[in-house]
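Any value given below was found using the heavy atoms of this structure, including those in side chains, with hydrogens, waters and symmetry copies removed. Below, chain A is the first sequence line, B the second, and so on; all start at residue 1.
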Amino acid sequence: MSKSQLNEPERIIYLNDSEKNLLKYKKESNYISTSKYTIYSFIFIFLKEQFSKYANVFFLFTALLQQIPNVSPTNRWTTAIPLVFVLSVTAVKEIFEDYKRHKTDNEVNNRKIQVIENNSINIKTWNDVKVGDIVRVENDEYFPADLILLSSSEPDTLCYIETSNLDGETNLKIKQGLVETSNILTPELASQMKGLIKSEQPNNRLYNYDGVIILNDKSFPLDPTQLLLRGAKLKNTQWIYGVVITTGHNTKLLRNSNKTPIKKTSVEHMTNYQIVFLFGILLVLSLTCTIGYFLRQDKSFEKTVLHPTEENSFSIKDIILGFLTFIVLYNNLIPISLIVTMEFVKYCISILINNDMDMYYDVMDTTAQCRTSSLVEELGQVEYIFSDKTGTLTCNIMEFKKCSIAGEKYTRSTKKNDGPINEITFDELKGDLKDADFNDVIYQFVTLLSVCHTVIPEQDENDPSVYNYQASSPDEGALVKGALLFDFKFTTRKPHSVIVNVNGQDLEYEILNVCEFNSTRKRMSTIVKCPNGEIKIYCKGADTVIFERLAKNGNIYMDKTIEHLEEYASEGLRTLCLATRTISPEEYETWSKIFDAASTTLVNREEELSKAAELIEKDLFLLGATAIEDKLQDGIPETITTLSQAGIKIWILTGDKQETAINIGLSCQLINNEMELIIFDDEVIKGTSQGVSEFIDSQLSTIKQKLPKKYAEAEFPPKITFRNKWIGKEEDIRQKFIPPTGLVIDGKMLEYALRDENKIKFLELATLCQAVICCRVSPLQKALVVKLVKNNIDAITLAIGDGANDVGMIQAAHVGVGINGMEGLQAARAADFAISQFRFLRKLLLVHGSWAYSRLSKLILYSFYKNLTLYLTQFWYSFNNGFSGQTIYESWTLTSYNVIFTVFPPIVMGFFDQFLNAIYLNKYPKLYKEGFLGKKFNISLFVAWALNGIYHSLLLYLLIKNIWFESQIDPNGDIGNHWMLGSTLFTCVLGTVLLKAGLTMDKWNKYTTLAIVGSYACWIILLPIYCYIGPLINLSPELDGMEKKIYSSSIFWFSVIIIPCVCIFRDYIWKFMSREYFTTDKHVIQEMQKYIIDDYSADQSWYQKAVGKVKLINHMRKSRGFAFSQLESGPADIIRIYDTTKRKPSGK
Amino acid sequence: MADTNIKSNKPKNNAIRQQRLKAWQPILTPKNVLPTLFFIGISFIPVGIGLFIAAKKVNEFTFEYTECNKTSTTFTPVPNYENVKWKYDKTQEICTVQFEIKETFKKPVFFYYRLTSFFQNHRSYVKSYDSEQLLKGKKLEKLDSNCDPFKVKDGKQYFPCGLIANSMFTDVFDNKLVKVTSGNNNETSTETYPLTEKDIAWPSDADKYGTRNDFLKFYGNDLSNVIPPPNWSISFPEYQNGYNATNFPDLKNWEHFQVWMRTAGLPNFRKLYSKNTETDLKPGIYNIDIINKYDVNRYGGTKSFVITTTSIIGGRNPFLGIAYIFVGIVSLIFGIIFLIRHLYKPRKLGDHKYLSWNKASTTATNTDGDDNR
């Protein structure tokens, strides 16, 4: 946005004046781009990114150094060529990945839209849509830009939209256009509109809008009710006309989606440090050699043999050049191929993840998608999971599962043998409805279901007997659909009545009043005049509020119903109690006056209405209760249990209400009845920051009393000590000392809790709890909670969600996982990984994550080791060549070490290695801990591997030096030369590092074997060929004649056998001893896997779990979730003006 | 999507994609480690002993004659050497060494010279030659700059250029060992042990160098612009006045030069000078004449000659044998220790009791991945 626009308070959009609009919004287009590069910017951005990596800068520097004459001890192109190779491989990968982004962008940009131009409709693509265009959107189409609704096919300029892409809610929302524009029903009329819209400047506030439309010099205010946002979808409305006010990247949706941040993994961070560390080693080595070089200048060999003619030949310039020579000599201590190998391997792993059959969801025909391959190893280190609820844990499908009517339990039988036998099926209920002695109660019950609600019926166009129900709350929809099961078909809604078809007979219930639902009332009632003239109140609501309002006498079903309610609640079902009462006309008469008066008050209307409702909602007769299942996705409890066993902390962040959230927490076994819940109660806290602060303090001090002193007094958040980086983190075991506790907080309280003065305290409290549930949180708060953990605790966070409202947290977390939900791919698109079901997270983390982490750490450590081993032999050699920087190996042999002979072992390590197979990783989730505690990749391991490399290189050099025996190595009396020595040593080094690779790998399949044995064989075969060809093409004249000598000399073969054996001996013995005498869990389980040993102890956990479940069911719960997720300032008003019988306005 | 029924995203069920490749899990258990250790022990020790014996069987006589020029003109015993005497003829710069061969040196017998602290592997040294010049001659202006500082002098090119050629070892050993018949120092017999200076370089070496004619053809008659390296002018009497058509080096047939040019990898090295593949060297006292021209004192090195037979691994080098024996023994020791421990207190493989969460007593988990080191 330019400055001038910023200063302008509002945008003026002219209706039907494209020239004026074009002048003003020339630069704004509806084209969106999520790609990283364009054809022109590729080289620039790519190089900038590549050379932000230390390693690449260093290699570029080396390559340049080599161009200085007389500096390089090796051929001058030996760094430049591999570097170019490595960069081009990365470039190809980048181009490939960006191409995919371009493709999806193009797909979006080329969607079709109808634009009104000069009285007619033109089909255009989305990217051609401009500010000020009037567009026509058809049913089930997405809005191409932010629009102001002008008119629609529905009565009263209403239209329904679905905003799952924006806020994750799949229920429909109602928008209503201004009356003044409602007559614009044809393209002609639209084209004739004159006037302008003053609109706010583009911003990211999804729920706010301010604007004014000026028609015929009269201005009418615009608010969010008229605003249709890009990303939303038109539903159940044939068409609408709308004016485009903002386009492309200015739309609220895109303003909300931050540019996907480039995420770096902690392993990458540490690798970067290690590269710097290696660079330090390199400097030390170079400096040592330079000092040696400097000191030797007085030695007479240099003076007499090398510089006999020159006087004072030695200068500062020589020292500097000498130093540079050593830098070039040792530059490959930093493995040039490491970064590209890592990226390649990560890419391969991501393909393997995409191809996992266990994460294939056949219902939707989707596989897992790994969108950011660079994060794969982070999957093995996740310590905190932040999960959305709706659509992530639940299917977002409500099902009328059970009901208790007149003390009888009825259940919807889906399968035979499903559910306890003592429950009666719905089919039998239908029979009871006719002939049971309490059939009137059943009748009332079902009537209530089909009458007392705010659902809008819609006749299916194809099959008039089928009705679709538009409910703003999925629970209500489920209840009305539930009534269908008993042949009570709700067919028509009029402003003052509803028609229900009972057994083929239309019954019209006159709706006299509706007492709306809100969170304090926790109930809704409808006062209806039945077809037989009786006036009745039908009331449904949470059990506690209903029970308070029951008649003292005559409620014969109460005890039974309470019993059933408890049963339902323990199963995690959402319950509602239904009650009714017949009202005498006189009573109604007096009451309705009070109610009417209340509904016309201007001040505190809601309160007045509540008071009025209170008067009529009394002496109710309890009919029974309903139980709705907020259907969990498959395998949720198991997945959550397993993940918690793995030591992962799971927090639920949901936009839902507290009761619903707790309910889901229960049913997915995140919390259980034994848990103590810390609920941030609005009443206690009184909604101030001070209150929240005091509340946290008091809770913290109670909990801390139970902690051992060491932990209670520990600083929080724990400092990232050197120890953490050295041998990995210490496990947070504080939770073990305190009884299981859960924390529940809602968005309002969270706002205070997240303030600077409270947030650390809050975090400490939250980390002490086994379960954390945040309800009614906004997308922004979700992201803030994730950031709170991410920024203050040294832990990897993962956020998982399905809706656009989760995008914030998905991007904020280290790893973002999107659910390929039923609707909307917004989250999946912003995420690093996309899966179709929450349960796939288990395999993604426990198996793929653990593998990736273990593979990559091996790959990295091994790469460092192998380079240290080879290049340090050069360092030891310096002591024997007068610190001249001479290489012991021929230049291209040296270069090929990194790009040919030792490139495959790390790759197969990264691709195939499995320290345990998938079954065992699944069976023993506790092994996952190693990941987030950083046990497999830390500085101590790095140092250990580096020391090993130093040890091996020293051993290698000393052995070959002694074996070489002053060059007299041939039975024919011939002498060996420098290059023969080098090639022999090279063969030994290669043998050693390949043996080490074999020892490091936990699994040998044909490819790994091929890579290890093949690399060695490749060298053995290529060496004589190279010795022959190299000198011929003048690549390596020094090797001339060696092909005939080297393999015929027995000392070569004897060295090649003994030296690697000596080197690897320690590693072999050590590895054996650590398994035998310092046995770890991993060792034991590996043995179980190899020798197929059963572990009965693992099965016990299932037994314990079963016991837990029985306990759970037996346990009584005080508060139950109840089924009402309707919005508080609900659309009841709008719904009541709805008339499905009214003719829709004509127009097209 | 209409075509979802036909086109399925279902991943292919093959071993690679599902990561179920048949694989061997290399687990180091006593069952496989103990046999391996014993196998290494049992197989390496005999090999080591064999190599050790082979090395010990090599007969070798080494004598350092660095200080020969400081000795008297008559035979005097050499300190630190048994039965070795030497004398020095200052005018002719001839060092004569008298030594005793105690056992028969079975043929073939090789004669090496040995230099120490000579950095033939120095970076500025290794590259200081011009292969094309050595093969067929080269124009001065095209000469490799690596030859500096012995590339050009006063517009004349050095032939051969570079440090390696200039520093060539120029002592001359007599091509025979002369047997001394009796204890009398001055009495020499006609019995000699001949040494040939042919076939001492690698067979392939000859291909890298040109013949005298090749060079004469290239440089024509204008040999005044081609001069011998400075050291050569001093050490080789024939080059004192530069080159002419008859004394121009015939590199292809000059094997000492080729041997020198094949640079050694370590600062102490031997180079083959001559050999006798025909006859054994009988015990006795022998004299050898050395024309002493090469100065090693200037850089603090030493020079020696070595008369030796060879073994399968070259010279009298017991190291390799010892290394094999050592590895074998260490391997056996570890094998025995592990075996005893295994018999005394075996560990049940894959026993779930060892799992940290089944160990009731220990609270801390020990799940380090340290064995990857």
Side-chain angles (χ1 to χ4, degrees), chain A residues 73 300-301 304-306 309 352 355 357 360 365 367 880-882 884-886 926 930 935-936 944-945 948 962-963 965-971 973-975 977-978 981 1003-1005 1037 1041 1050-1051 1054 1058 1061-1062 1069 1071-1072 1074-1076 1079-1081 1084 1086-1088 1090-1091 1093 1095 1097, chain B residues 4 8-11 13 17-18 21 23-28 33 110 119 121-124 126 131 149 167 202 204 262-272 275 298-300 310 312-315 317 319-320 323-324 327 334 347 349-350 352 354-358 366-369 371 373:
Chain A
S300 21
F301 182 80
T304 54
V305 179
L306 301 179
T309 54
L352 287 176
N355 271 295
M357 282 212 332
Y360 169 75
D365 189 31
T367 59
N880 281 325
N881 65 24
S884 59
Q886 176 57 35
K926 284 190 170 121
E930 289 198 351
K935 293 289 184 200
K936 290 189 178 177
W945 276 83
N948 204 22
N962 283 296
I963 289 172
F965 192 59
E966 304 181 348
S967 307
Q968 190 205 335
I969 43 110
D970 195 317
D974 282 352
I975 49 151
N977 71 344
H978 184 155
L981 170 69
K1003 208 139 209 210
W1004 284 30
N1005 59 37
S1050 50
I1051 206 156
F1054 280 119
I1058 186 82
C1061 280
V1062 174
I1069 293 291
K1071 198 174 164 95
F1072 171 72
S1074 61
R1075 173 178 294 277
E1076 205 60 15
T1079 318
T1080 66
D1081 298 338
V1084 175
Q1086 277 178 342
E1087 287 156 12
M1088 287 178 182
K1090 178 156 185 182
Y1091 304 107
I1093 298 166
D1095 175 10
S1097 72
Chain B
T4 39
S8 170
N9 293 323
K10 190 168 185 171
N13 185 7
R17 283 172 198 245
Q18 301 311 319
L21 275 175
W24 176 60
Q25 221 186 330
I27 286 186
L28 301 183
V33 170
F110 299 92
F119 291 87
N121 59 4
H122 198 282
R123 189 166 73 91
S124 7
V126 170
S131 55
S167 61
W202 288 12
S204 57
R262 194 166 278 281
T263 54
L266 294 164
N268 300 347
F269 57 87
R270 300 176 180 193
K271 285 194 185 271
L272 190 56
K275 62 184 176 183
R298 59 189 169 136
Y299 60 82
T310 59
I312 181 169
I313 53 160
N317 179 13
F319 185 84
L320 199 56
Y324 269 84
V327 171
F334 271 104
R347 182 176 73 96
L349 291 182
H352 58 76
Y354 290 111
L355 291 174
S356 59
W357 49 88
N358 290 339
N366 175 26
T367 50
D368 289 23
D371 61 328
R373 279 174 208 176

Chemist: B:Phe110 versus chain A, heavy atoms under 4.5 Å apart: side chain, backbone, both or neither?
Modeler: side chain

Chemist: Measure distances from B:Gln25 to the heavy atoms of chain A and classify the residue's part below 4.5 Å as side chain, backbone, both or neither.
Modeler: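 Both parts, backbone and side chain.
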
Chemist: Nearest 0.5 Å, please: how far is CG in B:Asn268 from CG in A:Asn880?
Modeler: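 So the gap between those two atoms works out to 8.0 Å.
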
Chemist: I'd like to know which of A:Cys1061, A:Ser1050, A:Ser967, A:Pro73 tops the heavy-atom pair count under 4.5 Å against chain B.
Modeler: A:Ser1050

Chemist: So, for B:Tyr354 and A:Val1084, which heavy atoms are closest and what is the spacing to 0.1 Å?
Modeler: CB-CG2, 3.6 Å

Chemist: Identify, with sequence neighbours excluded, every residue that meets side chain to side chain contact (heavy atoms under 4.5 Å, CB included) alongside B:Arg17.
Modeler: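 By the side chain to side chain contact (heavy atoms under 4.5 Å, CB included) rule, B:Arg17 matches A:Asn355, B:Lys12, B:Asn14.
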
Chemist: Can you tell me how far CG of B:Leu320 sits from CD1 of A:Ile969, rounded to the nearest 0.5 angstrom?
Modeler: 11.5 Å

Chemist: Please identify, among B:Ala323, B:Pro267, B:Gly300, B:Ser124, the residue contributing the most non-hydrogen atom pairs under 4.5 Å to chain A.
Modeler: B:Pro267

Chemist: Under 4.5 Å heavy-atom distance to chain A, tell me which part of B:Phe334 shows up: side chain, backbone, both or neither.
Modeler: side chain

Chemist: Among A:Thr367, A:Asn962, A:Ile1069, which residue forms the greatest number of heavy-atom pairs with chain B at distances under 4.5 Å?
Modeler: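 Option with the top pair count is A:Asn962.
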
Chemist: Taking A:Asn881 for the side chain and B:His122 for the main chain, is one N or O donor matched with an acceptor at less than 3.5 Å?
Modeler: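 Between the backbone of B:His122 and the side chain of A:Asn881 there is no qualifying donor-acceptor contact (under 3.5 Å).
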
Chemist: What part of A:Ile975 gets within 4.5 angstrom of chain B, counting heavy atoms only: side chain, backbone, both, or neither?
Modeler: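 Interface part for A:Ile975: both.
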
Chemist: Does any backbone or side-chain atom of B:Ser131 lie under 4.5 Å from a heavy atom of chain A? Answer side chain, backbone, both or neither.
Modeler: neither

Chemist: Looking at A:Asp974, A:Leu981, A:Val1062, which has the largest count of heavy-atom pairs under 4.5 Å with chain B?
Modeler: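 The option with the most such pairs is A:Asp974.
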
Chemist: Hey, what do you get for CD (A:Gln968) to OG1 (B:Thr310), rounding to the nearest 0.5 Å?
Modeler: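 Atom-to-atom, A:Gln968:CD and B:Thr310:OG1 are 7.5 Å apart.
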
Chemist: Can you tell me which portion of B:Val126 sits under 4.5 Å from chain A's heavy atoms? Options are side chain, backbone, both or neither.
Modeler: side chain

Chemist: Over 60° means perpendicular and under 30° means parallel, so classify the ring planes of B:Tyr299 and A:Phe301, tilted if in between.
Modeler: perpendicular

Chemist: Identify which part of A:Phe1072 has an atom lying under 4.5 Å from any heavy atom of chain B, answering side chain, backbone, both or neither.
Modeler: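 When you check distances to chain B, atoms from both the backbone and side chain of A:Phe1072 fall under 4.5 Å.
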
Chemist: Please classify the contact between A:Ile1058 and chain B as side chain, backbone, both or neither, with a heavy-atom cut-off of under 4.5 Å.
Modeler: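 It is both, since atoms from each part get that close.
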
